There are 2 protein chains.
Amino acid sequence: MKNKTTTIKAVSKAESCVPLLHHIRRYVPLSDDEASLLLDSIHFKIVNSKAFLLQAGQVCGGNYFIVNGCFRMYLNTDYGTEQIIQFGIDNWWIADYTSFEQQRPSDRFIQAVEKSSVIVMEKKEQDVLFQKLPQLERYFRIVFQRAYTAQLNRIHFMLNLSGEERYYHFHNSFPDFVQRVPQYMLASYLGFTPEFLSKVRAKRG
Amino acid sequence: MKNKTTTIKAVSKAESCVPLLHHIRRYVPLSDDEASLLLDSIHFKIVNSKAFLLQAGQVCGGNYFIVNGCFRMYLNTDYGTEQIIQFGIDNWWIADYTSFEQQRPSDRFIQAVEKSSVIVMEKKEQDVLFQKLPQLERYFRIVFQRAYTAQLNRIHFMLNLSGEERYYHFHNSFPDFVQRVPQYMLASYLGFTPEFLSKVRAKRG
DNA sequence: CAAAAAACTTAATCATGATTAAGAAACGAG
DNA sequence: CTCGTTTCTTAATCATGATTAAGTTTTTTG
């Protein structure tokens, strides 16, 4: 009985981590032995809709790889409202890296927008893994280099497009995503009010 | 004669690259032998004010470490104006990393705002260096991780602060920098018009 | 040093999108 | 299936910041 449960869990973990291994192998080599070393240092976690990976005041406990689902990162603004600064979906890493690296309290929330599953890499484990598998430095170098350029491009759109253009640009870039999150979250992310988005959508499609 | 010139040049290069070595050693170990390996793969370049490191249509030829000076990265918008999306100053790396990595034409300009000096790391050389000095992957992982979080924070300010607040926040964060670039560039970077900035400054200090 | 170019200022008018408020629709827990 | 909560819509008023245009100051270059 105990044995069976253990076996099921082990298989389940290996299976649930396939998307991460696949993602890593897109960028750097990783032997099966190295992969099992990695698996020993991470854990898999189901996160219910509206549950938090991180809340303001806490130290960001992990670097999270989103296996599937959707998360939002937001802050509380000076007056009461929530400002979404980032969404994360399948195959993205998400964390407050300032809090994570320095192990200091965060000012952010990371919350599941829908039932999701993530792989958690804790700071200690990550430090050890970087020693054991130095190609992970290269992997994350590439991941962050891309994340950085993505944010620069996003800034370009924020500076150059009107609210309406921003909405349609986002809609064209991620057509399915628009259905997936509440409109008020999308409005916050795109930098305008839900009322304005409602007005834009009323005009055409 | 020939000998003397060579000696002077060699000393000059080693000296001019000190800020880069110093920056790298803030994050990863680098022996003197490794440092000289690095020096063999990079070159130092003086860039006059208004000269370009990159122009739209070209492939981004290098990853540039700014030893001293100031650069702006900008694009031409749909109607004639220039949109500055990034400044770079001492001890920052700057490049169009999409163009650089894929060796495909860029849509951006990187131009010196004042007489500057940079260290150029070309794509080929960088690839070889990553093989020879794997700790450079870690170094750039950290550099990009920070650049990414810096851009996320910037997005937060763009979404939450009014134009006037953005100006004063920037002014407080980088007081000397405000003197250094023309106001119309600062206005573009902060996402409003030069006329508006002029009005804001007229109110107080 | 003088002329030309680049950068900055001021002010009037205009437009995008915020705010407020009330009602409608969709969703979720019991 | 129904009540309560969350989300979305509509419309009127308001404010931030854009646009336009003309004039002034500063910087660059011959």
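Just so it is clear, the structure is predicted and the values come from calculations on it, not from any experiment.
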message: Of the options D:dT10, C:dA18, C:dC8, whose atoms approach the side-chain atoms of A:F196 most closely?
response: C:dA18
task: Kindly indicate whether the side chain of A:R138, heavy atoms from C-beta on, has any atom under 4.5 Å from the side chain of A:Y27.
output: no
- prompt: So do the side chains of A:M158 and B:L159 get within less than 4.5 Å of each other, counting heavy atoms only?
  reply: yes
query: Should the pair A:D32-A:R25 be classified as a salt bridge under the 4.0 Å nitrogen-to-oxygen rule?
result: yes
message: Walk along nucleotides 24-30 of chain C from 5' to 3' and tag each nucleotide B, S or - by protein heavy-atom contact under 4.0 Å, base first, then sugar-phosphate.
response: -------
Chi angles and distances behind the side chain to side chain contact (heavy atoms under 4.5 Å, CB included) call for B:I24, B:L136: CA-CA 8 Å; B:I24 293 175; B:L136 284 187; 4.1 Å; yes
Separation of [N] [atom2] from [X] [atom1] (nearest whole Å):
X: A:K199; N: D:dC14; atom1: NZ; atom2: C1'; value: 12 Å
X: A:L161; N: C:dG17; atom1: CG; atom2: P; value: 10 Å
X: A:L197; N: C:dA18; atom1: CG; atom2: C1'; value: 14 Å
X: A:K203; N: D:dT9; atom1: NZ; atom2: P; value: 15 Å
X: B:Q179; N: C:dA7; atom1: CD; atom2: C1'; value: 15 Å
X: B:M158; N: D:dG17; atom1: CE; atom2: P; value: 12 Å
X: A:Q83; N: C:dA18; atom1: CD; atom2: P; value: 11 Å
X: B:R201; N: C:dT10; atom1: CZ; atom2: P; value: 11 Å

task: Would you mind classifying the nucleic acid contact of A:S162 as base, sugar-phosphate or nothing, using non-hydrogen atoms under 4.0 angstrom?
output: sugar-phosphate
message: Around atom CZ of B:R146, are there more than 12 heavy atoms from other residues, nucleotides or ligands closer than 6.0 Å?
response: no
task: Applying side chain to side chain donor-acceptor pair (under 3.5 Å), run through B:Q151 and B:R154 and close with a yes or a no.
output: CA-CA 5 Å; B:Q151 295 317 310; B:R154 188 176 156 203; 3.1 Å; yes
- request: Check DNA chain C against residues 182-195 of chain B and give the residues with a non-hydrogen atom under 4.0 Å, in numerical order.
  value: B:P182, B:Q183, B:Y184, B:E195
query: So which of A:R108, A:Q111, A:M185 actually passes side-chain contact (heavy atoms from CB on, under 4.5 Å) with A:Y74?
result: A:Q111
- request: For the residue pair A:F65 and A:H23, categorise the inter-ring angle as parallel (less than 30°), tilted (30 to 60°) or perpendicular (more than 60°).
  value: tilted
message: Going by side chain to side chain donor-acceptor pair (under 3.5 Å), name the pairs with one or both residues in residues 37-46 of chain B, residues two or more places apart or in two chains.
response: none
